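Heavy atoms only: backbone and side chains are in, while hydrogens, waters and symmetry mates are out. Just so you know, residue 1 is the first one in the sequence shown, and it goes up from there. None of these values were measured; they are calculated from a predicted model.
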Amino acid sequence: MKLDPSVYVLIDPDQTFGHEPVALARAAAQSGATLIQLRDKRGAIRPAIELARAMTAALAPLGVPLLVNDRVDVAMAAGADGVHLGQDDMDPATARRLLGPRAIIGQTVKTAAHVAALPPGAVDYAAVGGVFATLSKNNPEPPLGLAGLALRIAALKARKAGLPVVAIAGIDAGNAGDVIRAGADGVAVISAVAKAADPAAAVAAIRQAVDKAVEEARGAR
């Protein structure tokens with residue numbers, strides 16, 4: 001499937017706050033999410049594969065890709081559209097060899113050293129974080145803020161022109177537009193959707209903020 005990272009929703013089965021994960025993925029995709037990631041840190045492979053298969057089946061008719069966080073084996077077994085890799089996961093070049101040229105592969109980038117080490121030919125996008133403070137993940141480094149995010153984006157696009165860059169951590173409908181205006185191509189969210197009483201409405205609000213910022217940027221050119 002075509003990569004559109006503008007509204008990227010992460011779903012962690014341990015952080016759904018009462019929402020059923022597959023239903024949450026479907027509601028997000030129907031409400032404006034363009035990319036879904038299954039972030040399952042529980043470690044048991046069989047339940048992870050079963051959940052990834054169920055999400056893939058739910059999202060395929062909607063045309064929204066599913067990526068699996070960390071686990072290339074789970075993505076392959078479930079027929080997912082690709083993977084998102086952290087700095088300690090399988091290297092992107094090896095993942096590309098295993099998953100093939102049509103798979104979507106992304107990697108987390110936090111530091112200037114990560115930017116320098118990114119293999120541009122092996123990844124389809126980079127995720128920069130953490131932009132703001134977040135409770136959904138332990139980030140030992142201080143938040144980059146919008147200025148730090150802009151510097152990372154500039155460095156990444158200097159390495160590979162046109163590389164889509166997604167910003168992550170602490171992003172919601174209130175600050176999503178600022179993140180786009182800082183140069184990001186998309187926003188990755190987890191708590192802003194999973195914690196919402198109405199996740200569909202939360203995704204729609206984030207989508208509206210992103211679209212508005214993109215239109216403003218086009219008008220300013």
Side-chain angles (χ1 to χ4, degrees), residues 1 3-42 48 51-52 54-70 78 80-84 86 104 106 108 125-139 143-144 146 149 164-182 184-214:
M1 290 188 191
L3 171 64
D4 176 357
S6 56
V7 179
Y8 186 178
V9 175
L10 282 62
I11 295 177
D12 184 332
D14 290 332
Q15 298 185 54
T16 59
F17 302 94
H19 301 294
E20 196 282 319
V22 178
L24 185 59
R26 185 185 296 109
Q30 291 172 329
S31 306
T34 57
L35 189 61
I36 303 288
Q37 181 194 124
L38 171 58
R39 191 174 83 172
D40 190 346
K41 297 285 189 181
R42 295 172 296 181
L51 181 54
M55 282 191 178
T56 298
L59 295 173
L62 302 173
V64 175
L66 176 74
L67 308 186
V68 175
N69 192 47
D70 302 347
D81 299 284
V83 291
H84 181 84
I104 298 171
T108 299
Y125 73 93
V128 174
V131 180
F132 304 115
T134 178
L135 298 177
S136 63
K137 188 175 183 180
N138 179 29
N139 285 328
L144 289 169
L146 294 173
L149 170 65
V165 180
V166 182
I168 188 168
I171 298 170
D172 55 26
N175 58 24
D178 295 332
V179 170
I180 297 298
R181 284 185 281 272
D185 299 285
V187 297
V189 296
I190 178 168
S191 298
V193 172
K195 279 188 172 182
D198 186 344
V203 173
I206 293 167
R207 177 62 183 265
Q208 184 176 30
V210 168
D211 288 349
K212 180 181 178 183
V214 170

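Evaluated for a side-chain contact (heavy atoms from CB on, under 4.5 Å) with Tyr8, the options Thr34, Asp185, Leu67 yield exactly one hit, Leu67.
Residues meeting the side chain to side chain donor-acceptor pair (under 3.5 Å) test with Arg26, sequence neighbours left out: none. Listed by chain and number, the residues in a salt bridge (charged side-chain N to carboxylate O under 4.0 Å, His left out) with Asp4 amount to none (sequence neighbours excluded). With sequence neighbours excluded, the residues that form a side chain to side chain donor-acceptor pair (under 3.5 Å) with Asp70 are Lys41. For the salt bridge (charged side-chain N to carboxylate O under 4.0 Å, His left out) test, residues two or more places apart in sequence or in another chain that qualify with Arg42 are Asp40. With sequence neighbours left out, Asp178 forms a side chain to side chain donor-acceptor pair (under 3.5 Å) with Arg181. For Asp81, there are no salt bridge (charged side-chain N to carboxylate O under 4.0 Å, His left out) partners two or more places apart in sequence or in a different chain.
Closest approach of Ile171 and Val189 over heavy atoms only: O-CG1, 3.4 Å. Between Ile36 and Ala25, the closest heavy-atom pair is CD1-O, 4.1 Å. Nearest approach of Ala169 to Gly130, heavy atoms of both residues: CB-CA, 3.5 Å.
Considering OG1 of Thr108 and NE2 of His84, their distance stands at 2.5 Å, rounded to 0.5 Å.
Counting heavy atoms from C-beta outward, Leu38 and Pro13 have side chains that approach closer than 4.5 Å. Side-chain atoms of Val179 and Leu146, non-hydrogen and from C-beta on, do get closer than 4.5 Å to each other. Within the 4.5 Å cutoff, the side chain of Pro21 has heavy atoms near those of the Met55 side chain. Residues Val166 and Ile168 fail the side-chain proximity criterion, which asks for heavy atoms closer than 4.5 Å. Looking only at side-chain heavy atoms (C-beta outward), Asn175 and Val131 stay at 4.5 Å or farther from each other.
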